[in-house]
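See structure below.
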Amino acid sequence: MSWESRQGLVPLRALANPLRIRIVSLLTGASLSAAEVAEELGIAHASASYHLRQLAEAGYLEQVDEQPPRGGKGRPRRCYRYDPSSAARLDRTDGRLLLHEAMSADLARRLAQAGAQRTSMDAEVWLDRQTWEEVVGLIDQAVSLVHGKAGPPRSADRVKVSMTALLLELRDER
């Protein structure tokens, strides 16, 4: 299957699968091979390989290097990592509802795994434009910090965390 791309845009619908959301999240902190992704997420190697290829073709992941095979025999392992520039190239015209449904499903999985909750917030309020833009900027900073400081899974000095941010500017339905 080939993802249609307009002017280098990344198709949002390519991410509209809870497993793909988990893969992109995992590869934010480290470049991993299909075997490592499969092991970390508890899925079949073939499934991990398929989804990695699809995400790379859609523009979310980049192939970063090939590692020698374990034990020195066989083909080199192809490794992928999240391409942070894909966020700026998202095609928001198609697939937004599918992505939100996938995010909701993955959020339910994360909530079931939660050991401790640090903070949460929900609001449907009216803000002046300046305050709203300040909030958006702060969340953008938090997202950049989380992505920039993310590391490989199961490192001794790291804690596994989840951050979900969805800021919506609502239409006035009056």
Side-chain angles (χ1 to χ4, degrees), residues 2-32 37 40-41 51-52 54-64 80-153 155 157-174:
S2 176
W3 296 103
E4 294 177 15
S5 178
R6 293 190 322 267
Q7 304 166 0
L9 295 178
V10 177
L12 196 55
R13 69 185 183 285
L15 197 58
N17 176 312
L19 180 57
R20 289 188 181 168
I21 290 173
R22 291 181 70 193
I23 289 171
V24 169
S25 292
L26 180 63
L27 296 175
T28 296
S31 58
L32 299 173
V37 168
E40 182 64 27
L41 299 181
H51 288 292
L52 286 167
Q54 294 296 306
L55 287 165
E57 185 177 322
Y60 286 99
L61 305 179
E62 57 189 2
Q63 186 177 336
V64 291
Y80 297 89
R81 75 168 173 220
Y82 171 65
D83 177 3
S85 73
S86 65
R89 296 180 285 118
L90 282 177
D91 180 0
R92 291 174 171 84
T93 62
D94 187 25
R96 187 171 27 175
L97 181 60
L98 293 173
L99 176 62
H100 290 167
E101 289 172 0
M103 286 174 63
S104 295
D106 195 54
L107 182 57
R109 178 196 59 82
R110 292 178 191 192
L111 287 169
Q113 287 185 341
Q117 180 176 323
R118 296 295 300 264
T119 190
S120 68
M121 184 279 241
D122 182 55
E124 186 172 329
V125 299
W126 291 83
L127 294 175
D128 61 81
R129 176 63 59 189
Q130 182 178 352
T131 302
W132 174 241
E133 295 304 331
E134 183 179 352
V135 169
V136 171
L138 290 169
I139 297 301
D140 285 345
Q141 288 178 25
V143 168
S144 292
L145 182 62
V146 167
H147 281 204
K149 299 290 184 173
S155 299
D157 63 336
R158 304 212 178 244
V159 59
K160 184 177 183 182
V161 300
S162 172
M163 177 183 171
T164 301
L166 180 62
L167 302 179
L168 305 170
E169 194 165 318
L170 302 175
R171 291 185 300 271
D172 186 358
E173 297 289 330
R174 293 189 268 161

Return a table of donor-acceptor pairs under 3.5 angstrom between the side chains of residues 106-116 and protein atoms on other chains or two or more places apart.
{"from": "Asp106", "atom 1": "OD1", "to": "Arg109", "atom 2": "NE", "distance (Å)": "2.8"}
{"from": "Asp106", "atom 1": "OD1", "to": "Arg109", "atom 2": "NH2", "distance (Å)": "3.1"}
{"from": "Asp106", "atom 1": "OD2", "to": "Arg109", "atom 2": "NH2", "distance (Å)": "3.4"}
{"from": "Asp106", "atom 1": "OD2", "to": "Arg110", "atom 2": "NE", "distance (Å)": "2.8"}
{"from": "Asp106", "atom 1": "OD2", "to": "Arg110", "atom 2": "NH2", "distance (Å)": "3.0"}
{"from": "Arg109", "atom 1": "NH1", "to": "Gln113", "atom 2": "OE1", "distance (Å)": "3.1"}
{"from": "Arg110", "atom 1": "NH1", "to": "Ser162", "atom 2": "OG", "distance (Å)": "3.0"}
{"from": "Arg110", "atom 1": "NH2", "to": "Ser25", "atom 2": "OG", "distance (Å)": "3.4"}

Got a donor-acceptor contact below 3.5 angstrom from the Ser86 side chain to the Tyr82 backbone?
no
Going through the checks in order, is the salt bridge (Lys or Arg N to Asp or Glu O under 4.0 Å) test met by Arg129 and Glu134?
CA-CA 9 Å; Arg129 176 63 59 189; Glu134 183 179 352; over 6 Å; no
Between Met103 and Thr164, the two heavy atoms sitting closest are CE-CG2, 4.3 Å
Heavy atoms only: give me the nearest Ala102-Ala16 pair and the separation to one decimal.
CB-C, 3.6 Å
Are a donor atom and an acceptor atom from the side chains of Ser85 and Asp83 found within less than 3.5 Å of each other?
yes
Gap separating the CZ atom of Arg81 from the CD atom of Glu62, nearest 0.5 angstrom
4.5 Å
Go through it in stages, so that I can follow the logic: the residues are Leu167 and Trp132, the test is side-chain contact (heavy atoms from CB on, under 4.5 Å), and I'd like the CA-CA distance, side-chain angles, deciding distance and then a yes or no.
CA-CA 10 Å; Leu167 302 179; Trp132 174 241; 3.7 Å; yes
Run the side-chain contact (heavy atoms from CB on, under 4.5 Å) check on Val143 and Met163 step by step: do they pass?
CA-CA 8 Å; Val143 168; Met163 177 183 171; 3.8 Å; yes
Do Leu52 and Gln63 have side chains that approach each other closer than 4.5 Å (heavy atoms only, starting at C-beta)?
no
Would you say Leu15 and Tyr60 make side-chain contact, with heavy atoms under 4.5 Å?
yes
With a 3.5 Å distance limit and no angle check, can you tell me whether Thr131 reaches the backbone of Leu127 through a side-chain donor-acceptor pair?
no
To the nearest 0.5 angstrom, please state how far the NE2 atom of His51 sits from the CD1 atom of Ile21.
12.0 Å
Measuring from atom CG of Leu55 to atom CZ of Arg20, what distance do you get when rounded to the nearest 0.5 angstrom?
5.5 Å
Spacing of Lys149 atom NZ and Arg158 atom CZ [to the nearest 0.5 Å]
9.0 Å
Hey, what do you get for CZ (Arg22) to CD (Glu40), rounding to the nearest 0.5 Å?
8.5 Å
Rounded to the nearest 0.5 Å, what separation is found between the NE2 atom of His100 and the CG atom of Leu166?
5.0 Å
